[in-house]
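In what follows, a single structure is set out as structure tokens and then discussed.
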Amino acid sequence: MNRRRLLLALPAATALVLAGGSPALAGGDGHSDDDTWAKVIEIDDEAELEDDGDVLEVTFEYKCEEEDKDSVTADVEAKNEDEDLSYSKDEEDLDCDGDKHEITVDLDRDEDSEKAEEGDKVDVTVTINENGDELDSKTREDVEVVDEDNGNGNGHNGKDDNGKDDNGKDDNGKDDNGKDDNGKDDNGKDDNGKDDNGKDDNGDHDEHHHGGH
């Protein structure tokens with residue numbers, strides 16, 4: 001009798017497996033039966049203003065894999081309610097191959113938002129979705145707004161690409177000819193090869209070269 005009951009139970013279990021059912025999948029998150037997943041790894045601590053303050057560039061790192069091509073996208077928003085700042089971008093396409101990627105997204109200023117300025121702080125939230133269903137979300141608070149285009153134009157520490165400041169001087173206070181503010185080179189000599197006492201490399205003054213009177 002027990003053997004007959006066992007045999008009768010086997011077809012029912014087999015049918016459940018063939019139909020794709022499993023007690024372990026019951027009550028899952030809707031993605032446990034496929035290979036789609038996503039993770040927001042890191043959000044950059046600076047966001048850069050572009051287009052005269054109408055666009056805010058946000059950079060973040062992520063990983064994801066998708067079963068259906070182009071089904072995974074990111075919604076990105078940057079807000080500061082105290083300053084009435086709000087920028088956003090919906091459904092940004094992501095590369096979902098399982099590897100880590102870095103992406104910079106252009107967020108448009110919302111209609112009722114003020115324009116952000118250099119030094120403002122915003123909270124940036126990145127939400128990764130699959131066809132509208134959330135896979136992962138991360139928020140970074142107090143992201144600093146920078147505006148390199150309308151700042152001093154020389155980037156970090158006020159230096160340009162050649163390491164020169166607004167006066168054309170490098171870290172040693174020298175210009176392109178290696179001269180300091182007094183027109184002297186590293187040896188303290190001017191263009192005529194003279195030092196502060198008017199001496200040249202031979203120790204002679206100017207008057208010693210006017211003839212043998």
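Heavy atoms only: backbone and side chains are in, while hydrogens, waters and symmetry mates are out.
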What distance do [X] atom [atom1] and [Y] atom [atom2] have between them, rounded to the nearest 0.5 Å?
X	Y	atom1	atom2	result
T36	I128	OG1	CD1	12.0 Å
D106	K89	CG	NZ	7.0 Å
E144	D44	CD	CG	11.0 Å
D90	L107	CG	CG	9.0 Å
E65	D97	CD	CG	8.0 Å
L49	E57	CG	CD	9.5 Å

Taking the side chain as C-beta and beyond, is there a heavy-atom pair between [X] and [Y] under 4.5 Å?
X	Y	result
E42	E102	no
T125	S137	yes
D123	D142	yes
T104	V58	no

Do you know which two heavy atoms are closest between [X] and [Y], and how far apart they sit?
X	Y	result
V105	F60	CG2-CE2, 3.7 Å
D136	A38	CB-O, 3.5 Å
V124	I43	O-CD1, 3.7 Å
W37	G98	CZ2-CA, 4.3 Å

| task | Start with the C-alpha gap between V145 and V122, add the side-chain angles, then the distance that decides, and say whether side chain to side chain contact (heavy atoms under 4.5 Å, CB included) holds. | result | CA-CA 7 Å; V145 175; V122 292; 4.2 Å; yes

ask   = Where do L94 and Y62 land on the side chain to side chain contact (heavy atoms under 4.5 Å, CB included) test, with the steps shown first?
value = CA-CA 9 Å; L94 302 178; Y62 69 93; 3.8 Å; yes

#### Entry: Heavy-atom donor-acceptor pair, E66 side chain to V72 backbone, under 3.5 Å
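Between the backbone of V72 and the side chain of E66 there is a qualifying donor-acceptor contact (under 3.5 Å).
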
**Q.** Partners meeting side chain to side chain donor-acceptor pair (under 3.5 Å) with E50 (sequence neighbours left out)
**A.**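 Here no residue qualifies.
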
Let me check something: do L56 and V146 share a hydrophobic cluster, defined by ILVMFWY side-chain heavy atoms less than 4.5 Å apart, either directly or through other members?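 No; tracing contacts between hydrophobic side chains, which count when under 4.5 Å, never links both residues.
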
- Item | Connected via hydrophobic side-chain network under 4.5 Å: V55 and V126 |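 Each belongs to a different hydrophobic cluster.
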
* Asked: Mind checking what makes side-chain contact (heavy atoms from CB on, under 4.5 Å) contact with T73, not counting sequence neighbours?
  ->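 Once residues adjacent in sequence are excluded, the partners of T73 under the side-chain contact (heavy atoms from CB on, under 4.5 Å) criterion are E91, D93.
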
Could you list the donor-acceptor pairs under 3.5 angstrom formed by side chains in residues 78-87, with sequence neighbours left out?
from : atom 1 : to   : atom 2 : distance (Å)
N80  : OD1    : D82  : N      : 3.1
N80  : OD1    : E83  : N      : 3.2
N80  : ND2    : K121 : O      : 2.5
S86  : OG     : D110 : OD2    : 2.4
Y87  : OH     : G53  : O      : 2.6
Y87  : OH     : A116 : N      : 3.0

Side chain to side chain contact (heavy atoms under 4.5 Å, CB included) between K115 and R109, intermediate numbers included: CA-CA 7 Å; K115 286 187 178 182; R109 182 170 63 92; 3.5 Å; yes

More than 12 non-hydrogen atoms from neighbouring residues, nucleotides or ligands closer than 6.0 Å to NZ on K39, yes or no?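 Incorrect, the count does not exceed 12.
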
